[in-house]
Protein chains: 2
Amino acid sequence: MKPTIRDVAKMAGVSISTVSRVMNTPESVIESKRVRVQQAIEQLQYQPNSFARGLIYRKSFTLGLLIPDIENMYYAGIIRGMQDACIKLGYSLMICNTDRDKNRLLAYIDAFHEKQVDGIVFASDVIFPEYYEKLMSCKIPFVLISSHSDEYEVPSVEIDDEKAAYDAVKFLIELGHRDIGMIGFNHENSISGPPRYQGFLRALHEAGLDHNAEKIRCAAHRFEHAYDAAHELFTDYPELTAVFCVADEFAMGVISYLKDRNILVPGQVSVVGFDNLRMANMFIPKLTTISQPMYEMGYRAAEKLHELVTTGSTQVLREKLEHKLIVRESSRQR
Amino acid sequence: MKPTIRDVAKMAGVSISTVSRVMNTPESVIESKRVRVQQAIEQLQYQPNSFARGLIYRKSFTLGLLIPDIENMYYAGIIRGMQDACIKLGYSLMICNTDRDKNRLLAYIDAFHEKQVDGIVFASDVIFPEYYEKLMSCKIPFVLISSHSDEYEVPSVEIDDEKAAYDAVKFLIELGHRDIGMIGFNHENSISGPPRYQGFLRALHEAGLDHNAEKIRCAAHRFEHAYDAAHELFTDYPELTAVFCVADEFAMGVISYLKDRNILVPGQVSVVGFDNLRMANMFIPKLTTISQPMYEMGYRAAEKLHELVTTGSTQVLREKLEHKLIVRESSRQR
DNA sequence: CTGAAAGCGCTAACAT
DNA sequence: ATGTTAGCGCTTTCAG
């Protein structure tokens, strides 16, 4: 049987309230007793019961994290950052993988509600009205990560997707490329898809390269889809000498396709990715890409959620973190 | 304010015990009242407070998962499997990433203890006496995944590492290779390292190829280390035409090194990996590898833990799942 | 079949 | 400074 506060009190020869005080406001207890209590706690390996505490504080000191796809390496960095912040702030973390399934996500919100998590961070997903309503009716605070909401006042942390895409495409243009394609996210349900396409367009326009505007094909998150999308893209536009991909995984799919077609990267076609996954540096060729600060985003999201949970609001609502272009081997001067 | 059982009782015009019965033993409540209570629950969106429940049942209906490195894709499959099993069995899942840090792991065990998780699954790690003692003194049931313990009676689910390594090396031998090297795990702290080396040795011996026995270099889990290890290996044994890697990530590191040295894979050197990560199929060349059933392992581990939690023991202590050789592009006839 | 009441382990207000 | 006690929301005897 796990020892209770009573066992500690008995062993130390004090009342249970004194034990409680030693744990919560130690300075209010006279040294002699405090020491005795601490020894008893030590000896019994006593740990307060978190259910009892939760019942009183109405807090679980647990945060929830909802991610769309645990097999996507993008989230690993976010998880690490968030977990480190949670340790610092005294929270436990509950990670749930929705597999991009709406019902599953809704079920997880229920589970979070039942477990009374103090707050939730939502990764990458669009906030559908259903989610929003549910969260509001449960009164669970939440923040968005690599996502944001235009309709609702929801705190978020992300990068500037439009600018990041712009930077990537501009880089390709500066390399001398004139025929540039893009592999984007399927637009429905994608929050970062549209702004990245806008960035592509802006860079093109600025350089008088608008004729590339329609040279985009979309893929659904995975390598294989990007492979297929690349096939469509190059079938329709064989003149392409560069392609901008909105995810490193897409870049790998494209390069894989090109490889199968015996087209050299970067010899004949330059490819730039997005995210800077750990894999970007392991792939052959190493990927030129836009680096997202996944770790910091996870960390900041947790801090922001903490702020929201404790103060009821956040200083800045929509927060943008810095991205960076990393030039490696998959791109080359035209 | 979240509605309580009292609110439901009031609305339905019954006592709180009746409400409780409707939730736990509905057949013991007369239909008319039961219906009224259910309607009230529905209307108020009532959810029982899990703290109060936990206080009584001394159960959290939560399982803990300890993994060494969330950025290693190997664990993604395990997480998915375990999470699906948890949904089926009615548990929540708490995933913690130890970053292979002993103190951090110990701290997580404390956190699990405090949160009163019903059981823990330990991924890949050796069970040091400290861990074992701690877990025993907390009386938290636990199972090992892709690991096992010779000293203690701990349930585990893994593959047959020796046999898997044997299969991989034998495959290389059948391809006609006579000079075969290996990139293994650093032996201290590795549970699967030694048996995989044994499998390597056995295949070698069986074919009269014992002269390769010492052609092994070790790496510490990451791509970069494998790259360096490959450098050492090929510097010492330039005659090698094949190398067996105990992880896909190592295989990628080796191929990357070979690429930088302008040695063709599989043209000049064949490489076989281990795990069959999703990446194995995205890499160039696609990896020939030993496939581990990560998803099933996670799933089984959760089921086994559930069995242990509910019955106090498991039918079979150490469970082995099937591996499979997947032949792709990184290996070729000598 | 149903209600009243005890109690799970803890905190905080109230006495002393 | 410290002990006593009333709950937090729920389940579970125990009466009726």
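Note that this is a predicted model, so its numbers are computed, not measured. Values below: every heavy atom of this structure, side chains too, minus hydrogens, waters and symmetry copies. Letters go in sequence order (proteins before strands), and every chain restarts at 1.
Here dC10(D) presents its P atom at 10 Å from CD1 of I41(B), a figure rounded to the nearest Å. Nucleotide dG9(D) holds its P atom 7 Å from the CG atom of N49(B), rounded to whole Å. Rounded to an integer number of Å, the gap from CG of D7(A) to C1' of dG9(C) is 11 Å. Summarising the geometry, the separation between NZ on K10(A) and P on dG3(D) is reported as 15 Å, rounded to the nearest angstrom. M23(B) places its CE atom 17 Å from the P atom of dT2(C), with the value rounded to the nearest Å. The nearest whole Å value for the distance from the CZ atom in R6(B) to the C1' atom in dA4(C) is 12 Å. Residue I16(B) contributes atom CD1, which lies 13 Å from atom C1' of dT13(D) at whole-angstrom precision. One atom, NZ of K59(B), and another, C1' of dG9(C), lie 19 Å apart when rounded to the nearest Å.
Taking OG from S149(B) and OH from Y131(B), the interatomic distance works out to 13.0 Å, rounded to the nearest 0.5 Å. Atom OG1 in T98(B) sits 8.0 Å away from atom CD1 in I67(B) (nearest 0.5 Å). A distance of 12.5 Å separates OG in S92(A) from NZ in K115(A), rounded to the nearest 0.5 Å. Once rounded to the nearest 0.5 Å, the distance linking CG of D125(A) with CZ of R100(A) reads 7.0 Å.
Each of V14(A) and V19(B) was matched to the nucleotide of DNA chain D holding its nearest heavy atom; the match closer to the 5' end belongs to V14(A). Position along DNA chain C of the nearest nucleotide to K33(B) versus R58(B) favours K33(B) as the more 5'-ward residue.
Side chain of R80(A) to main chain of I70(B): no donor-acceptor pair is present (N/O by atom type, distance under 3.5 Å, no hydrogens or angles). Of the possible donor and acceptor atoms, one in the side chain of N49(A) sits under 3.5 Å from a partner among the backbone N and O of F51(A).
Distance from the side chain of N24(A) is smallest for dT11(C) among the nucleotides dG9(C), dC10(D), dT11(C). When distances run from any side-chain atom of V29(B) to the nucleotides dC10(C), dT2(C), dC10(D), the shortest one goes to dT2(C). Among the nucleotides dC10(D), dT2(D), dG9(D), the one closest to the side chain of T18(A) is dT2(D).
At the heavy-atom level, S17(B) lies under 4.0 Å from base atoms of the strands shown. Among the protein residues, Y57(A) comes within range of the sugar-phosphate backbone only, with heavy atoms under 4.0 Å from sugar or phosphate atoms but none that close to a base. I30(A) comes within contact range of the sugar-phosphate backbone alone, with a heavy-atom separation under 4.0 Å but no base atom that close. Residue R21(B) is classed as a base contact, given a heavy-atom separation below 4.0 Å to a base.
If you check distances only, the side chain of S20(B) never reaches the base of dT12(D) with a donor-acceptor pair under 3.5 Å.
Under 4.0 angstrom from either OP1 or OP2 of dC8(D) there lies no side-chain N or O belonging to K2(B). The phosphate of dT11(C) (OP1 or OP2) has a side-chain N or O of R53(A) nearer than 4.0 angstrom. A close approach under 4.0 Å does occur between a side-chain nitrogen or oxygen of S15(A) and OP1 or OP2 of dG3(D). S28(A) has no side-chain polar atom (N or O) that falls below the 4.0 Å cut-off from OP1 or OP2 of dT2(D).
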